[in-house]
Amino acid sequence: EVQLVESGGGLVQAGGSLRLSCAGSGFTYGSYSLGWFRQAPGKEREEVSCISIRDGTTHYVDSVKGRFTISSDNAKNTVYLQMSSLKPDDTAVYYCAATHSTNWPLSSDGMDYWGKGTLVTVSS
């Protein structure tokens with residue numbers, strides 16, 4: 001079975017840092033693209049960052065550029081999101097998702113597999 005398991009969420013003060021992890025299994029990791037999405041209460045899910053495992057291409061939503069870094073440890077089938085200079089507006093449930101599609105950048109509607117999410121809360 002396909003699994004995407006997120007970890008690393010928690011409570012952090014504004015200006016602090018967190019690293020999220022997404023461990024994938026049950027699919028051919030190297031032929032997929034993976035992304036981080038987030039959803040705050042009452043708001044639509046949005047793409048935060050994504051990475052093509054095939055060629056290493058990355059993408060970031062404008063609001064996190066310069067603060068977040070996505071990376072992959074292919075040997076561990078794990079993608080990371082290093083988040084720095086966190087803001088209260090970053091508070092959300094963060095989801096990891098994967099797709100075999102070559103469409104780029106990724107969108108919520110095009111993902112094949114989803115994790116259950118990890119909560120990030122940034123206090124002011």
Side-chain angles (χ1 to χ4, degrees):
E1 64 177 334
V2 172
Q3 284 193 306
L4 294 169
V5 181
E6 303 98 333
S7 61
L11 175 64
V12 64
Q13 295 270 11
S17 299
L18 285 174
R19 188 180 74 160
L20 306 183
S21 299
C22 173
S25 61
F27 65 100
T28 306
Y29 184 88
S31 65
Y32 278 70
S33 295
L34 287 95
W36 288 98
F37 300 78
R38 66 187 181 188
Q39 188 166 28
K43 297 192 174 183
E44 294 184 356
R45 185 170 53 200
E46 67 169 344
E47 182 238 340
V48 178
S49 183
C50 50
I51 182 168
S52 168
I53 308 303
R54 304 180 196 91
D55 60 21
T57 303
T58 60
H59 177 265
Y60 300 90
V61 68
D62 286 346
S63 61
V64 310
K65 287 180 179 176
R67 300 190 297 120
F68 291 10
T69 302
I70 192 169
S71 63
S72 176
D73 185 338
N74 293 359
K76 295 183 177 180
N77 289 358
T78 299
V79 66
Y80 303 94
L81 186 68
Q82 177 66 50
M83 306 185 294
S84 300
S85 301
L86 283 161
K87 305 174 181 180
D89 284 349
D90 295 319
T91 295
V93 176
Y94 283 70
Y95 297 91
C96 178
T99 182
H100 196 263
S101 173
T102 57
N103 292 339
W104 195 260
L106 305 185
S107 65
S108 295
D109 292 341
M111 308 308 293
D112 300 320
Y113 311 119
W114 288 88
K116 293 182 178 180
T118 185
L119 177 63
V120 172
T121 303
V122 184
S123 65
S124 60

Heavy-atom donor-acceptor pair, [X] side chain to [Y] backbone, under 3.5 Å:
X	Y	result
Asp112	His100	yes
Arg45	Arg38	no
Glu47	Phe37	no
Tyr60	Ile70	yes
Thr99	Ser101	yes
Arg19	Gln82	no
Thr118	Gly9	yes
Ser21	Tyr80	no

* Step by step, would you call Trp104 with Cys50 a side chain to side chain contact (heavy atoms under 4.5 Å, CB included)? -> CA-CA 9 Å; Trp104 195 260; Cys50 50; 3.6 Å; yes

Can you tell if the side chain of [X] reaches within under 4.5 Å of the side chain of [Y], non-hydrogen atoms only?
X	Y	answer
Val120	Met83	yes
Leu34	Cys96	yes
Trp114	Ser108	yes
Leu106	His59	no
Ile51	Ile53	yes
Cys22	Val5	no
Leu4	Phe27	yes

Measure the [atom1]-[atom2] distance between [X] and [Y] for me, rounded to the nearest 0.5 Å.
X	Y	atom1	atom2	result
Thr121	Asp90	OG1	CG	11.0 Å
Tyr94	Ser49	OH	OG	11.0 Å
Tyr32	Asn77	OH	CG	12.0 Å

Just checking, any donor-acceptor pair under 3.5 angstrom between side chains of [X] and [Y]?
X	Y	answer
Asp73	Thr78	no
Ser107	Asp109	no
Tyr29	Ser72	yes

Open item on the list: If you count every heavy atom of other residues, nucleotides or ligands that lies below 6.0 Å from Asp89 atom CG, does the total exceed 12?
Closed with: no

Please give me the minimum heavy-atom distance between [X] and [Y], naming the atom from each residue.
X	Y	answer
Val79	Trp36	O-CZ2, 3.9 Å
Ala40	Ala92	N-CB, 3.9 Å
Asp55	Ser52	OD1-OG, 3.0 Å
Ser124	Pro88	CB-CG, 4.0 Å

**Q.** Shared hydrophobic cluster for Phe68 and Val93 (ILVMFWY, side-chain gaps under 4.5 Å)
**A.** no

Report task. Examine Tyr95 and Leu119 and state if one hydrophobic cluster contains both, with Ile, Leu, Val, Met, Phe, Trp and Tyr joined whenever side-chain heavy atoms are less than 4.5 Å apart. Result -> yes

- Message: Does this structure show an ion pair linking Lys65 with Asp62, if we count only N-O contacts that are shorter than 4.0 Å?
- Response: yes

**Asked** So Glu6 and Lys116, salt bridge (charged side-chain N to carboxylate O under 4.0 Å, His left out) or not? Walk me through it.
**Response** CA-CA 7 Å; Glu6 303 98 333; Lys116 293 182 178 180; over 6 Å; no

